[in-house]
Amino acid sequence: MIRKKIAELIREAYKGCKDKGIFIYDADIEPIVEIPRESDFGDYSTNIAFILAPKLRKSPRDIANVLAEHIDSKGLCEKIDVAGKGFINFHIKDTVWRSGLKDLFEKGIDAFMPHIGEGRRVLIEFVSANPTGPLHIGHGRGAVVGDVLANILSSVKYDVSREYYINDAGRQIATLGESTYLRLLEIKGEKIDFPDGLYKGEYIKDIAAMLIQMGIEIPDKRDDAIRFLSQFSSNIVMEGIKKDLLDFGVVFDSYFRETELYQSGMVDDTIEGLRSRGIAYEKDGALWFKTGLFEKDEDRVLIKSDGEKTYFASDIAYHRNKIKRGYDTLIDIWGSDHHGYIPRLKASLEALGEDRERLKVILIQFVTLLKDGKPIGMSTRAGQFTTLREVLDEVGRDAARFFFLMRKSDAHLEFDLDLAKKTSNENPVYYVQYANARIESIFRNAREQGILIKGITEGTQQPFEGVASGKTDINIGLLKLREEMDLIKGIIHFYDVIEGSAKSLEPHRLTFYLIDLVGRFHSYYNKARILNENSELTAARLMLLYVLQKVIKYGLKILGVSAPDKM
RNA sequence: GCGCCCAUAGCUCAACUGGACAGAGCGUUGGACUACGAAUCCAAAGGUUGCAGGUUCGAAUCCUGCUGGGCGCACCA
């Protein structure tokens, strides 16, 4: 909120200088306003003088001085000074921070959310694991990143949909059917030599056993049986996946099936479009896509010489379909091992006459599970992968989600099972949740002490009406400890964090913010008493905690982590 | 061989996308509860940001070349 105003002040000052003929450079400026590391450098700072220096042919320091003189802070700033070689530092008045707090108290958190996504539709496609086996830990990471990103984008008013793409047309499903078939024969007493390339997980045996238990008849002919079992097994597996996701707090708006693309003719249609534009050509009996027209990449096959279409073909059709459904931005969340696929998919969008930048791919790096300080290997083939379900059962949803959000997604993640399980100070999840519980506890004590607090409930705008002294007005001017100011500033930074997180598509920023925010609270708590002899001061401090708790809960809600009142 | 990603305190990671003296947590050492929850707080120690160059007012961040790790490069999915 304040940050934007600072940027505006700089723009105005710049314009003033331009109008006066002090600066002879016509272009508009987009000043970068940041929060300096050192508190001595003020609350906000800009490097605009450095940017302008080469254009104005003056020293940054001179430009900063002139600009600073022309900034009318409109009562926002205590002082504005020029430091270093040309930074302009803004020291915001404490009263401004406090009234920001009061605004949040009176109008609620939502009222000040930046509406940067207004009127824009986003489709986030994630997880999209083939229904051939249970979700493993890597899928879990992608699931959380996608889910939280969707929450973040929603909070800044994007119209967001979550979609799961089911590859149910390819060979993998047939392989699944074949695997089930063999297990079935095995249960019936046949000696089976299980070939490589089939799925060997225990869950296949479970499915086979289930078939027998339910007395389901399968077709006699092997091919028919496998076809039947493919469908049956993948449906069972898909149900399991949905259940895991649900328990993980991830719910999709839609499931899109690859077979639908074929049945509706969208794949053929798309291929025909590419062919007629001369972007697809035949060679060696196959149909190729001219990736080379758009990327430094090899041409790729759309239709194999045996007439079968590749995944690439259906993926193009799928993304075209997404655009047709009216989404402005397409976000795909993939495992990082698919990175090589990005150029050709973007190229295909371009080939279809779309803006390739509409597609944003977020890569999720691998997760290494640690137990007793040692990595646990995982291989789907060998059937000893570590499933999301196991991790969920082991450490719980809150810890699992939080841990996945503690790294930026394109970095490897070491997931320490033992640490995530600990209910101790080493576990950052509890650090944040504890703050909320602590605040709640203070509210409980306040009530017990007879400090009149009217409904600390959502939607009530004046929760502290009639605090002890009988006053309804809260004197926020009493909040002047350094720790109180740090906390207030932290609260107001929330909006910058959300916006930054939404623009960069980086959910982990919110996690770090929350840890930092509650750290400020814990320090404050140890420094000052909330409930004290001075009833006015008590009221002011309770109000501060009230708003703080709202922000913590809001943040945790976005992360999909619970905020228990007692723990 | 070509391409993408990563390398930051003993460990796990940040650093607002090029900003000012590189920050947290864990671990180590020392301190703070007979009033609001010690799942907390305060303090100290800990760094040539893998190496070598370059770009500029300024580089962990951008460019080049190495070293070491991950992943891609199918008429597979």
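Sequence lines set the chain letters: A, B, ... in the order given, protein chains first and strands last, and positions in each chain run from 1.
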Answer syn or anti for [N], where the cut-off is 90° from 0 on the glycosidic torsion.
N	result
B/U67	anti
B/C33	syn
B/C21	syn

Base, sugar-phosphate or nothing for [X]? Non-hydrogen atoms, less than 4.0 Å.
X	result
A/R529	base
A/D168	nothing
A/S45	base
A/K408	sugar-phosphate
A/F512	sugar-phosphate
A/A53	nothing
A/A64	nothing
A/Y341	base

Measuring from the side chain of [X] (C-beta onward, heavy atoms only), which nucleotide among [options] has the closest atom?
X	options	answer
A/N445	B/C41, B/C16, B/G37	B/G37
A/R407	B/C71, B/A38, B/U12	B/U12
A/N89	B/G70, B/A77, B/A20	B/A20
A/P36	B/C36, B/A14, B/A20	B/A20
A/E414	B/C41, B/A77, B/C13	B/C13
A/A411	B/C41, B/A14, B/A38	B/A14

With sequence neighbours left out, write down each residue that passes ring-ring contact (aromatic ring centres under 6.0 Å, His included) with [X], or none if nothing qualifies.
X	answer
A/F87	A/F50
A/F415	A/F403, A/F404
A/F512	A/H508
A/Y495	none

Checklist entry - Is the distance between the ring centroids of A/Y165 and A/Y318 less than 6.0 Å? => result yes
Checklist entry - Strictly by modelled atom types, are A/T259 and A/D168 linked by a side-chain donor-acceptor pair under 3.5 Å? => result yes
Checklist entry - Hey, is A/R275 close enough to A/D268 for a salt bridge, meaning N to O under 4.0 Å? => result no
Item to check | Salt-bridge present (A/K309, A/E258; N to O < 4.0 Å) | outcome: no
Item to check | Runs of at least three consecutive pairs that involve RNA chain B, where pairs are Watson-Crick or G-U with distances under 3.5 Å | outcome: B:1-5 with B:69-73, B:10-13 with B:23-26, B:28-32 with B:40-44, B:50-54 with B:62-66
Checklist entry - Who passes side chain to side chain contact (heavy atoms under 4.5 Å, CB included) against A/T175, sequence neighbours left out? => result A/R171, A/S179, A/L198, A/Y199
Checklist entry - Which residues satisfy the side chain to side chain contact (heavy atoms under 4.5 Å, CB included) test with A/F294, sequence neighbours excluded? => result A/I279, A/F289, A/A347, A/E350, A/A351, A/R356
Next on the checklist: What I want to check is whether an N or O donor and acceptor connect the side chain of A/H339 with the base of B/G3 at under 3.5 Å.
Outcome noted: yes
Next on the checklist: Could you check whether the side chain of A/D315 and the base of B/A77 have a donor-acceptor pair of N or O atoms closer than 3.5 Å, going by distance alone?
Outcome noted: no
For [X] and [N], give me the distance from atom [atom1] to atom [atom2], rounded to whole Å.
X	N	atom1	atom2	answer
A/D410	B/C6	CG	P	6 Å
A/D416	B/G25	CG	C1'	13 Å
A/D43	B/C16	CG	P	19 Å
A/F521	B/C42	CZ	P	13 Å
A/Y513	B/A15	OH	P	17 Å
A/Y199	B/C76	OH	P	16 Å

Checklist outcome for this item: Across all chains, not counting sequence neighbours, the side chain to side chain donor-acceptor pair (under 3.5 Å) partners of A/D81 are A/H91
Taking only the [atom1] atom of each, what is the distance from [N] to [M] in whole angstrom?
N	M	atom1	value
B/U34	B/U29	P	24 Å
B/U28	B/A45	C1'	8 Å
B/A7	B/A52	C1'	16 Å
B/A9	B/C76	P	45 Å
B/A39	B/G25	C1'	14 Å
B/G70	B/A32	P	48 Å
B/G50	B/A22	P	15 Å
B/C33	B/U49	C1'	40 Å

Checklist entry - Counting only side-chain N and O atoms of A/N532, is one of them less than 4.0 Å from OP1 or OP2 of B/A35? => result no
Item to check | 5'-most by nearest nucleotide on RNA chain B - A/I530 or A/I32 | outcome: A/I32
Next on the checklist: Need to verify one output field. Residue with the more 5' nearest nucleotide on RNA chain B, A/N167 or A/V518?
Outcome noted: A/V518
Mind listing the N/O atom pairs, protein and nucleotides 58-60 of chain B, below 3.5 Å?
none

Item to check | RNA chain B-proximal residues of residues 489-505 of chain A, any heavy atom under 4.0 Å | outcome: A/S504
Next on the checklist: Out of the candidates A/I515, A/T511, A/L517, only one should pair with A/Y513 under the side-chain contact (heavy atoms from CB on, under 4.5 Å) rule; please name it.
Outcome noted: A/L517
Using distance only, find each side-chain donor-acceptor pair of residues 484-493 of chain A under 3.5 Å and give its atom names and separation, not counting sequence neighbours.
residue	atom	partner	partner atom	Å
A/E484	OE1	A/K480	N	2.9
A/E484	OE1	A/L481	N	2.9
A/E484	OE2	A/Y524	OH	2.7
A/E484	OE2	A/R541	NE	2.8
A/E484	OE2	A/R541	NH2	3.4
A/D486	OD2	A/R482	NH1	3.2
A/K489	NZ	A/D43	OD1	2.8
A/H493	ND1	A/K489	O	3.3

Enumerate all atom pairs, one protein N or O and one N or O from nucleotides 73-75 of chain B, separated by less than 3.5 Å.
residue	atom	partner	partner atom	Å
B/C75	O2	A/S305	N	2.6
B/C75	O2	A/S305	OG	2.7
B/C75	N3	A/S305	OG	3.2
B/C75	N4	A/D284	O	2.7

